[in-house]
Undergrad: 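Can you keep this structure in mind? I'll have questions shortly.
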Amino acid sequence: MTSSSSPAPPPPPGVVVGVLAVQGDVREHIATIESLGGRAVPVRRASELAGVDGLIIPGGESTTMDKLTRTFGLADPLRERIAGGLPVYGSCAGMIMLSDVLADPSADRLGNPQQTLGGLDMVVRRNAFGRQRESFEADLAFGGLATTGDARGTDPVRAVFIRAPWVEKVGDGVEVLAQVPAAETPQPGPAPDGDGTGAGAGTDLEPVARIVAVRSGNLLATSFHPEITGERRVHELFIRMIRGEA
């Protein structure tokens, strides 16, 4: 863990970070932003988007987020704000929501495929590292981090992966910030009930490095959950992006 009693410099007055609050680990992201001296607010309505300078899409269930953002009339306003340059950070399910393409979209009872908000030119595979029992932790080299408290920008990030996606392909404008090395990449488990749990699930594959953190312009995404480990540098990077400092 990299939490510290010495907080990073707070954002300037007026910087407000919204956290999409339809489902997922909303409180943890709010607490992390506030620990850095920032102001964080839940976002449940389209009208609330006008009051934020940046948005976090938390971990949770991407299929549920898809359904609820459309039910609450948030999906199209979110797409418009993302296309308009709103800084957005997505963790785990948030990474899935920011992807332009899903390798294994879920389908509803009518056969309609899962939708995303898009914005990041990449292909993401849901639950790629396996189900809950395949959760794991890894120390990652992560590019572009700030120095927060006791942690230097070059220190590894302790990353927690819980039913995590990975990025299978990125476009030319997407920067890869972190990967799980091949030697530490778990093999995906069998896919229960056809719930797309990783490429080649149930087969023996040669381990390869897997992309787990990316950035493109004002958009940032990680496969893992820094908000639950005390790791604050990813959120500090996001605040710097909102300020135009990174």
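On a predicted model such as this, the values are computed, not experimentally measured, just so you know.
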Undergrad: So, do Val157 and Thr229 sit near enough that their side-chain heavy atoms are less than 4.5 Å apart?
TA: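 SC-SC contact between Val157 and Thr229 ruled out.
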Undergrad: Membership question, hydrophobic clusters at under 4.5 Å side-chain separation (ILVMFWY): are Val167 and Val176 in the same one?
TA: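 Hydrophobic grouping puts Val176 with Val167.
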Undergrad: Side chains of Ile228 and Ile162: closer than 4.5 Å at any heavy-atom pair?
TA: yes
Undergrad: Which heavy atom of Pro226 sits nearest to which heavy atom of Tyr89, and what is that distance?
TA: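 For Pro226 and Tyr89, the tightest heavy-atom pair comes out as CG-OH, 3.2 Å.
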Undergrad: Keeping the roles fixed (side chain from Asp53, backbone from Val16), state whether a donor-acceptor pair exists under 3.5 Å.
TA: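 Side chain of Asp53 to backbone of Val16, a donor-acceptor pair under 3.5 Å: yes, one is there.
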Undergrad: Ignoring hydrogens and geometry, is there a side-chain-to-backbone donor-acceptor pair from Arg215 to Gly217 under 3.5 Å?
TA: yes
Undergrad: How many angstroms lie between atom CZ of Arg126 and atom CD of Glu61, to the nearest 0.5 angstrom?
TA: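 It comes to 9.0 Å.
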Undergrad: Check the pair Asn218 / Leu86 against side chain to side chain contact (heavy atoms under 4.5 Å, CB included), numbers first and verdict last.
TA: CA-CA 7 Å; Asn218 284 334; Leu86 178 71; over 6 Å; no
Undergrad: Would a single hydrophobic cluster contain both Leu117 and Val101, if residues Ile, Leu, Val, Met, Phe, Trp and Tyr are joined by side-chain heavy-atom contacts under 4.5 Å?
TA: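 They do not share one cluster, since no chain of ILVMFWY contacts under 4.5 Å joins Val101 to Leu117.
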Undergrad: Can you name the closest pair of heavy atoms from Arg232 and Thr32 and give their distance?
TA: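 Nearest pair, atom of Arg232 first, then Thr32: CG-CG2, 4.2 Å.
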Undergrad: Check the angle between the aromatic planes of Trp166 and Phe129 and answer parallel, tilted or perpendicular using the 30° and 60° thresholds.
TA: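 Geometry flag for Phe129 against Trp166: perpendicular rings.
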Undergrad: Check the angle between the aromatic planes of Phe136 and Phe161 and answer parallel, tilted or perpendicular using the 30° and 60° thresholds.
TA: parallel
Undergrad: For Leu98 and Leu220, work out which heavy atoms get closest and say how close.
TA: CD1-O, 3.7 Å
Undergrad: Under 4.5 Å between any side-chain heavy atoms of Val160 and Glu231, yes or no?
TA: no
Undergrad: Could you tell me which non-hydrogen atom of Ser106 sits nearest to which non-hydrogen atom of Thr63, and how far apart they are?
TA: CB-CG2, 3.5 Å
Undergrad: At what distance, to the nearest 0.5 angstrom, does CG of Asp66 lie from CD of Gln23?
TA: 11.5 Å
Undergrad: Quick one: list whatever passes salt bridge (Lys or Arg N to Asp or Glu O under 4.0 Å) with Glu28, sequence neighbours left out.
TA: none
Undergrad: Applying side chain to side chain contact (heavy atoms under 4.5 Å, CB included) to Met65 and Ile57, what does each step give before you reach the verdict?
TA: CA-CA 9 Å; Met65 287 184 186; Ile57 304 177; 4.0 Å; yes
Undergrad: Heavy atoms, side chains only, cut-off 4.5 Å: are Ser91 and Thr222 in contact?
TA: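 A side-chain contact under 4.5 Å exists here.
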Undergrad: Taking the side chain as every heavy atom from C-beta outward, state whether Phe142 and Arg233 have any pair of such atoms under 4.5 Å apart.
TA: no
Undergrad: Rounded to the nearest 0.5 Å, what's the gap from CZ on Arg39 to CD on Glu34? Could you check?
TA: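 Separation between the atoms: 10.0 Å.
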Undergrad: Just checking Arg45: does its CZ atom have more than 12 heavy atoms from other residues, nucleotides or ligands closer to it than 6.0 angstrom?
TA: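 Not more than 12 within 6.0 Å, no.
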Undergrad: Nearest 0.5 Å please: distance from the CD atom of Glu168 over to the CD1 atom of Ile211.
TA: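 Reported to 0.5 Å precision, the distance equals 9.5 Å.
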Undergrad: Is a donor on one side and an acceptor on the other found under 3.5 Å between the side chain of Ser223 and the backbone of Ala164?
TA: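 No; zero donor-acceptor contacts below 3.5 Å.
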Undergrad: Are Pro165 and Cys92 packed together at the side-chain level, in the sense that at least one heavy-atom pair is separated by less than 4.5 angstrom?
TA: yes
Undergrad: Do Leu78 and Leu20 have side chains that get closer than 4.5 Å, going by heavy atoms?
TA: yes
Undergrad: What closest approach, in Å, do Ser216 and Gly173 show between heavy atoms, and which atom pair accounts for it?
TA: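 For Ser216 versus Gly173, the nearest heavy atoms are OG-O, 3.1 Å.
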Undergrad: Could you give the distance from CD1 (Ile33) to CD1 (Ile56), rounded to the nearest 0.5 Å?
TA: 4.0 Å
Undergrad: Which pair of heavy atoms, one from Ala246 and one from Leu237, lies closest together, and at what distance?
TA: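 Shortest heavy-atom contact: CB-CD1, 3.9 Å.
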Undergrad: Could you grab the distance from atom CD of Glu236 to atom OG of Ser35, nearest 0.5 Å is fine?
TA: 9.5 Å
Undergrad: Under a 4.5 Å side-chain heavy-atom rule over Ile, Leu, Val, Met, Phe, Trp and Tyr, are Ile82 and Val123 clustered together?
TA: no
Undergrad: Indicate yes or no: at least one non-hydrogen side-chain atom of Leu145 is less than 4.5 angstrom from one of Val234.
TA: yes
Undergrad: Counting N and O atoms only, with roles assigned by atom type, does the side chain of Asp100 sit under 3.5 Å from a partner on the main chain of Gly119, one being a donor and the other an acceptor?
TA: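 Indeed, once roles are kept as given, a pair shorter than 3.5 Å links the two residues.
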Undergrad: Check step by step if side chain to side chain contact (heavy atoms under 4.5 Å, CB included) holds for Gln115 and Arg79.
TA: CA-CA 11 Å; Gln115 298 180 28; Arg79 292 187 182 102; 3.3 Å; yes
